[in-house]
Amino acid sequence: MTSRPSPLPRVVVLGGGLAGTLAAAALAPHVGEILILERDSALPQTPAPRARLPQAAHAHTLWAGGADAMEELLPGITADWLAAGAHRIPIPNGMVSFSPAGWYRRSWDPTHYLIGAGRDLIDWAVRRRVLGMPNVELRTRTKITGLAGDGARVRGVYAEQAGQDGRQAAQDGQQAGQDAYGSPGLIEADLVVDATGRNSKSTRWLLDIGGPEVRETVVDAGVRYASRRYRAPEGTETDWPVVHVPADPREARPGLFATIIPIEDGQWHVSLSGTRGGEPSSGEELFEEFARGVRHPLVADLLARAEPVSGVSTYARTANRRRHFERAGLPKGFVVVGDAATSLNPVYGHGMSVAARGALALRGQAARRPFASAGFTSRAQRAMTRPAAAAWLLAVGQDRFYPGAIGRRPNLADRLSARYVHRLAHTATGNAMIVERITDVVTLRKPAGILAGPAVLLAAALGPRKPLLDGPELTAREQEVLARPPLRSPHTASATDTDTDTDTDTDTP
Ligand SMILES: Cc1cc2nc3c(=O)[nH]c(=O)nc-3n(C[C@H](O)[C@H](O)[C@H](O)COP(=O)(O)OP(=O)(O)OC[C@H]3O[C@@H](n4cnc5c(N)ncnc54)[C@H](O)[C@@H]3O)c2cc1C
């Protein structure tokens with residue numbers, strides 16, 4: 001792979017997760033070859049779990065803005081998901097959501113959607129299409145240990161098989177970047193894309209080659225997840241809504257969240273989470289009890305009528321962490337995508353959509369100028385930061401307010417902005433136009449700036465046009481399910497699997 005058969009640029013993507021495969025899809029039309037290097041063992045050929053994607057045990061929301069971007073990068077991907085059993089759930093009709101300002105109405109025309117699917121299914125479909133591209137190659141069980149080059153230009157990476165040091169091997173005279181699996185050494189590239197996720201070492205790797213220091217901002221509400229899959233009650237396997245009861249950051253207590261997402265195989269993926277001081281435990285007997293303690297018991301009432309089909313998995317590495325590569329003056333030939341640049345508290349469901357919108361932005365830059373040109377790295381990094389920054393503001397605008405949150409305390413601007421957001425949410429309980437604008441922003445289809453337009457400001461000043469609902473708007477079928485006798489009394493939930501803790505350190509070799 002180090003011989004240079006093509007005059008077109010070669011790209012090396014570090015990490016074969018969603019951001020890495022989407023970046024490969026974005027760049028494939030503009031390069032000779034793309035090599036994706038992934039430390040995990042062989043990636044599954046089916047929508048099956050893999051070791052280094054522990055978050056797949058937790059419910060994932062793929063919002064319209066992210067799904068649209070993936071469809072643009074990989075035309076037909078939505079049909080692939082749906083053929084594999086995913087659901088395309090309309091918004092607002094397909095969401096029963098108890099916002100801090102009250103229940104949202106479902107009777108308005110659908111304007112947006114989300115994809116309800118297990119994370120393994122989403123990634124598998126993307127991976128299958130990307131690895132089917134003629135100029136994309138995946139090499140698994142390959143761990144990146146550093147960058148090659150200097151502060152002005154990255155020329156490749158060092159890779160190793162477990163236990164071997166790529167730099168040392170290269171110095172020892174091994175043929176640089178031998179092609180055979182497991183040969184450690186230097187792998188040269190015209191562009192290196194870091195997609196190694198939340199635990200990326202790029203900030204250190206850059207310093208190692210004399211590159212810039214990269215500033216980091218952290219806001220950590222201490223969120224812990226507990227998740228479990230249920231068999232959907234009979235008759236609810238299709239056309240079932242997402243049910244979402246989020247926390248209210250204005251309350252002076254830990255935030256508690258509960259969400260049911262209908263996924264493939266007639267299952268519900270259920271995630272519960274709590275901020276610092278309110279974390280859910282991994283105990284199966286406490287799962288539904290936690291769901292009963294959130295702001296409304298609807299999720300618990302539904303779970304009591306469904307059968308668990310998995311144990312409880314937990315996860316707690318959920319801090320919002322933004323590494324400001326776009327301000328660092330990166331060397332040429334190097335960009336950072338996905339969680340490696342901005343990782344977000346997952347309760348807002350934005351990581352995959354940020355990766356997808358970032359990949360679209362990368363494609364736009366790659367179409368405009370060569371990788372080696374002076375402006376490519378800085379422009380591409382800035383363009384990819386825009387969707388990430390939008391999601392960042394949505395997350396930290398709430399997370400700063402939870403008790404014990406780590407990071408800068410909320411200032412006056414944060415408080416005013418939070419009050420305006422609450423006013424919009426209040427207006428949205430009775431104004432379809434405001435629901436649509438908010439959903440544009442939450443699904444990452446449009447930038448948050450649209451919420452400051454004159455029509456929105458006026459609507460917010462006037463407030464909702466309809467009275468507040470005193471309970472969730474439920475269809476006859478949904479009410480019928482709730483009228484069924486519960487399958488369990490509290491504390492007696494059972495599971496077919498044993499309890500699984502997926503809160504592993506993904507950085508372990
Ligand atoms: C509990 C939880 C729930 C979530 N829910 C949602 C949701 O509802 N909606 C949503 O959009 N997002 C959600 N997310 C976020 C989403 O999972 C991430 O944003 C997304 O996985 C980021 O993809 P990535 O490719 O950047 O990173 P990752 O998925 O972490 O992939 C990184 C890849 O790089 C590889 N790698 C790492 N280091 C090396 C190395 N040195 N050498 C070679 N390979 C390496 C890893 O093995 C891995 O395959 C959630 C996250 C969590 C934790």
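Heavy atoms only: backbone and side chains are in, while hydrogens, waters and symmetry mates are out. Order of listing sets the numbers, starting from 1, for every ligand and every atom in it.
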If only atom types and distance count, is the side chain of [X] paired as donor or acceptor with the main-chain N or O of [Y] below 3.5 Å?
X: E71; Y: T78; value: yes
X: H60; Y: H58; value: yes
X: R295; Y: P246; value: yes
X: T342; Y: D339; value: no
X: R198; Y: S343; value: no
X: W124; Y: P44; value: no

Can a non-hydrogen atom of [X] be found less than 4.0 Å from any atom of ligand 1?
X: L344; result: no
X: A195; result: yes
X: L53; result: yes
X: A59; result: yes
X: K201; result: no
X: L18; result: yes

In ligand 1, which numbered atoms sit nearer than 4.0 Å to a non-hydrogen atom of [X]?
X: R50; answer: 48 (C), 49 (O)
X: Y315; answer: 53 (C)
X: R52; answer: 47 (O)
X: Q55; answer: 2 (C), 17 (O), 21 (O), 29 (O), 51 (C), 52 (C), 53 (C)
X: T61; answer: 7 (C), 8 (O), 9 (N), 10 (C), 11 (O)
X: K143; answer: 41 (N), 42 (N)
X: G17; answer: 25 (O), 31 (O), 33 (C), 49 (O)
X: G338; answer: 26 (O)

Which residue from [options] reaches closest to [atom] through any of its heavy atoms?
atom: atom 40 (C) of ligand 1; options: T21, I144, L43, L62; answer: I144
atom: atom 21 (O) of ligand 1; options: H269, R119, R317; answer: R119
atom: atom 49 (O) of ligand 1; options: E38, R198, H350; answer: E38
atom: atom 12 (N) of ligand 1; options: A57, G351, G197; answer: G351
atom: atom 38 (N) of ligand 1; options: I115, T196, V354; answer: T196
atom: atom 26 (O) of ligand 1; options: D339, I261, I122; answer: D339

Do [X] and ligand 1 have an N or O pair less than 3.5 Å apart?
X: L14; answer: no
X: M352; answer: yes
X: W205; answer: no

Suppose we screen for side-chain hydrogen bond (donor to acceptor under 3.5 Å, both in side chains). Which residues come up paired with D40, at least two apart in sequence or across chains? R50
Can you list the residues that meet the side-chain hydrogen bond (donor to acceptor under 3.5 Å, both in side chains) rule with T236, with sequence neighbours excluded?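 By the side-chain hydrogen bond (donor to acceptor under 3.5 Å, both in side chains) rule, T236 matches no residue at all.
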With heavy-atom distances below 4.5 Å as the criterion, would you say the side chains of R229 and I263 are in contact?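 Heavy-atom side-chain distance check passes, below 4.5 Å.
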When S273 is tested against each of T259, V347, L256 for side chain to side chain contact (heavy atoms under 4.5 Å, CB included), which residue passes?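 The single option meeting the side chain to side chain contact (heavy atoms under 4.5 Å, CB included) with S273 is V347.
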Aromatic ring pairing F257/Y348, orientation class (parallel under 30°, perpendicular over 60°, tilted between):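 It falls in the perpendicular class, over 60°.
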Taking the basic N atoms (NZ, or NE/NH1/NH2) and the acidic carboxylate oxygens, is any pair closer than 4.0 Å for R10 and E33? yes
Take atom CD of E216 as the centre, draw a 6.0 Å sphere, and report whether it contains more than 12 heavy atoms from other residues, nucleotides or ligands. yes
Pick one of side chain, backbone, both or neither for how H60 approaches ligand 1, counting any non-hydrogen atom pair under 4.0 Å. both
Tell me the closest heavy-atom pair linking G149 and I209, and the distance in Å.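 Taking every non-hydrogen atom into account, O-CB, 3.6 Å.
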